[in-house]
Each structure stands twice: as C-alpha cells, then as structure tokens.
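The block underneath contains the structure these notes are about, expressed in structure tokens.
Excluded from the calculations below are hydrogen atoms, water molecules and symmetry mates; all remaining heavy atoms, backbone and side chain alike, are included. Bear in mind the structure is a predicted one, so any value in this text is a computation, not a measurement.
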Amino acid sequence: MGNLLKVLTREIENYPHFFLDFENAQPTDCEREVWNQVNAVLQESESILSDLQAYKGAGQEIRDAIQNPNDIHLQEKAWNSVCPLVVRLKRFYEFSLRLEKALQSLLESLTAPHIENEVNNEMANRMSLFYAEATPMLKTLSNATTSFVSDNKTLPIENTTDCLSTMASVCKVMLETPEYRSRFTSEDTLMFCMRVMVGVIILYDHVHPVGAFCKTSKMDMKGCIKVLKEQPPDSVEGLLNALRFTTKHLNDESTSKQIRTMLQ
C-alpha cells in the first residue's frame, strides 16, 4: 500500500501513470463473496436513505394522547401513527446490523482474510442503545471497527489503521490531482471519494489510540480538510460537520490549533 501511495503522489522517480478507476472496478473471484455482501448493503442503502429523508415522527399525536388519556379517538390515532413508525425504525436498525457485518467482512478481507467473528443479534437490548446515539449508523460503523480490533488482539492494530489511512490518502490524491479527477465521468464519483475519505478518517480516529489529528498520525488531516474546503460549500458542509462532531480526538491537546481553525 505504501508503494501505491508513492506512485499516486509521484514520490517515485520516473513514476508510471496510475489511475484507480472507481467507476469501472470489478471484483476478482476471491473478492466476489465479500463484494456481493457489501454491494447488497450499498444497494439497499438507497431506499434506506430515501425512507430516512421522508421520515416524520408522530410527536404531535403522542402529545395529544398523553394530554388526553381518556380520549379513545386520540389514543387510537396515536397508536395508528406510531405502529408503522416502529416497523420503519426496526428496518433501519436491522439494516445497521447488516452494515456492521458487511464492514467487518470488508476489514477481514483487507487486513486478515482468515479471521472469523461472531455478531451479537439481541434485537431488543440493542435497538434502544442504537437510537440513543446522535448518529446511529456512523456509531455502528465506529463500534464495528473498534470491536474488530479489540476482538482480534493477535492482529497488529497497524494492519487496520494503515488500511484506513491508505484509503483516505488514495481518495485525497484522486480528488486533488486534476489529471485523475478529470477522468471521472460523474460528479457522484467525486462525492463517493469525499465520503469515503471522511468516513475512514472518522473510523481511524475511533480506533487509533491517539486518533487522526495528532502530529504522529498517518492521516494527512490538513491535506484532507483542504481538499474538502476547495469543494462547493453546500456539497461538503455535512462532511465537515461529521469531522467536527463525530470524531473522538479533535479536541485533544495533541491536536494542532491549525487543524481546529481549519474546521471552524
């Protein structure tokens, strides 16, 4: 992976031209099983995102029912409003479990192909904890990555953190290099690169003992933030907010003031 980055960043003399074609990449035979698992989750994510965007709670109906406990009509109205929402919430949570398993399978294939993990599926106990988080899906991914590292103590943590930092660096290089960027045919691919870059930064920050923002981190945080800041503000504000509010070590003493200032 280190040599790949040296090629992409042109640190090697007489470097070859090397373009990672995210838009047309296909899995090899040995990658097919994990690819199918991850792809199925990604395909389902489109409908999950649409459903989340259309989600409107039943706060008013619940308040009316609480304030008028003897009004049968309002009690039934609240019940009929809440029941479909519970079904949707259950669907979101079940998707998070599939997302968690897909990420763990992906990490296994990238860092230690022969490791097997067990996933706890006790629905009732985990749903309440899931929705108590400010960003449940992102928290699920962070927990899955952290669990992967802690459950596999014989696997050096650098296997995981180096994988994450390499992914972030590759995305950054593809975004900041006009020669590579111009070869993408869709704006969606650029957004994909930015989202992956931010996502793996957040995962790295949760897994690495001192996080992504310290001077010894293998993450080029200044470079990654600079790339985001160069994009149209309305397309990256959510990603910048993810770095501001869902990372673990941003406010540590080891974080430089310059990085904090860049994220303000």
Legend entry - Shortest non-hydrogen separation from A78 to A65 and the atoms involved: CB-CB, 3.6 Å

Inset, instruction - Mind listing the closest non-hydrogen atom pair of A212 and S217 along with its distance? - result: O-OG, 3.0 Å

Legend entry - Flag, side chain of D71 to backbone of L74, donor-acceptor distance under 3.5 Å: yes

Legend entry - ILVMFWY cluster, V236 and L49 together (side-chain gap under 4.5 Å): no

Inset, instruction - Scan side-chain atoms only and decide if S105 and Q37 contain a donor-acceptor pair under the 3.5 Å cut-off. - result: yes

Legend entry - Heavy-atom pair of closest approach, residues Q104 and A144: NE2-O, 3.7 Å

Legend entry - Atom CD of E230: over 12 foreign heavy atoms under 6.0 Å: yes

Legend entry - V170 vs T166 side-chain heavy atoms within contact, under 4.5 Å: yes

Inset, instruction - Not counting sequence neighbours, which residues clear salt bridge (Lys or Arg N to Asp or Glu O under 4.0 Å) with E158? List them please. - result: none

Inset, instruction - Find out whether I201 and M221 are in side-chain contact, i.e. whether some heavy atom of one side chain is under 4.5 Å from a heavy atom of the other. - result: yes

Inset, instruction - Decide yes or no for L175 and Y180: does some side-chain heavy atom of the first lie under 4.5 Å from some side-chain heavy atom of the second? - result: no

Inset, instruction - To the nearest 0.5 Å, tell me how far D162 CG sits from H208 NE2. - result: 8.5 Å

Inset, instruction - List in chain and number order the residues that pass side chain to side chain contact (heavy atoms under 4.5 Å, CB included) with P232, two or more places apart in sequence or in another chain; answer none if no residue qualifies. - result: D234, S235

Inset, instruction - Using the rule that two of Ile, Leu, Val, Met, Phe, Trp, Tyr join whenever any of their side-chain heavy atoms come within less than 4.5 Å, decide whether L103 and L155 are in one cluster. - result: yes

Legend entry - CG on L97 to CD on E94, rounded to 0.5 Å: 7.5 Å

Legend entry - Derivation and outcome, side-chain hydrogen bond (donor to acceptor under 3.5 Å, both in side chains), residues R91 and S47: CA-CA 11 Å; R91 179 185 176 225; S47 64; 2.8 Å; yes

Inset, instruction - To the nearest 0.5 Å, tell me how far N80 CG sits from Q75 CD. - result: 11.5 Å

Legend entry - The single option from K229, K172, M194 passing side chain to side chain contact (heavy atoms under 4.5 Å, CB included) against C224: K172

Legend entry - Donor-acceptor contact present, side-chain S96 to main-chain Y93, <3.5 Å: yes

Inset, instruction - Check whether any side-chain heavy atom of F213 sits under 4.5 Å from a side-chain heavy atom of M219, and report yes or no. - result: no

Inset, instruction - State yes or no: do F245 and M197 share one hydrophobic cluster built from I, L, V, M, F, W and Y residues joined by side-chain heavy-atom distances below 4.5 Å, directly or via other members? - result: no

Inset, instruction - Answer yes when D64 and K77 have at least one side-chain N-carboxylate O distance shorter than 4.0 Å, and no when they do not. - result: no

Legend entry - Donor-acceptor under 3.5 Å (D220 side chain, G223 main chain): yes

Inset, instruction - Taking E31 for its side chain and T28 for its backbone only, find out whether a donor-acceptor pair lies under 3.5 Å. - result: yes

Inset, instruction - List for me each residue that meets ring-ring contact (aromatic ring centres under 6.0 Å, His included) alongside F192, sequence neighbours excluded, and say none if there are none. - result: F22

Legend entry - Minimum side-chain heavy-atom gap T160-Y204 below 4.5 Å: no

Legend entry - Cluster check L190, L240: I/L/V/M/F/W/Y, side chain < 4.5 angstrom: yes

Legend entry - Distance in Å, N241 CG paired with E237 CD, rounded so as to fall on 0.5 Å steps: 4.5 Å

Inset, instruction - To the nearest 0.5 angstrom, please state how far the CD1 atom of I62 sits from the CG atom of L85. - result: 8.0 Å

Inset, instruction - State whether the side chain of D205 and the backbone N or O of K248 hold a donor-acceptor pair below 3.5 Å, judged by distance alone. - result: yes

Inset, instruction - Is it possible for you to say whether M191 and M167 belong to one hydrophobic cluster, with membership spreading through side-chain heavy-atom contacts below 4.5 Å? - result: yes

Legend entry - Side-chain (T177) to main-chain (M174) donor-acceptor, under 3.5 angstrom: no

Inset, instruction - Determine, for R183 against E179, whether the closest basic-nitrogen to carboxylate-oxygen distance falls under 4.0 angstrom. - result: no

Inset, instruction - Answer whether the closest heavy-atom distance between the side chains of D51 and F92 falls below 4.5 Å. - result: yes

Legend entry - Donor-acceptor under 3.5 Å (H206 side chain, K139 main chain): no

Legend entry - Heavy-atom pair with the smallest gap, counting every atom of G211 and C214: O-SG, 4.0 Å

Legend entry - Flag, side chain of N152 to backbone of F148, donor-acceptor distance under 3.5 Å: yes

Inset, instruction - Could you check if a side-chain atom of I202 sits within less than 4.5 angstrom of a side-chain atom of S142, using non-hydrogen atoms only? - result: yes

Legend entry - Polar side-chain atom of Q231 near backbone of V227 as donor-acceptor pair, under 3.5 Å: yes

Legend entry - Rounded distance (nearest 0.5 Å) linking atom SG of C163 with atom CG of L106: 7.5 Å

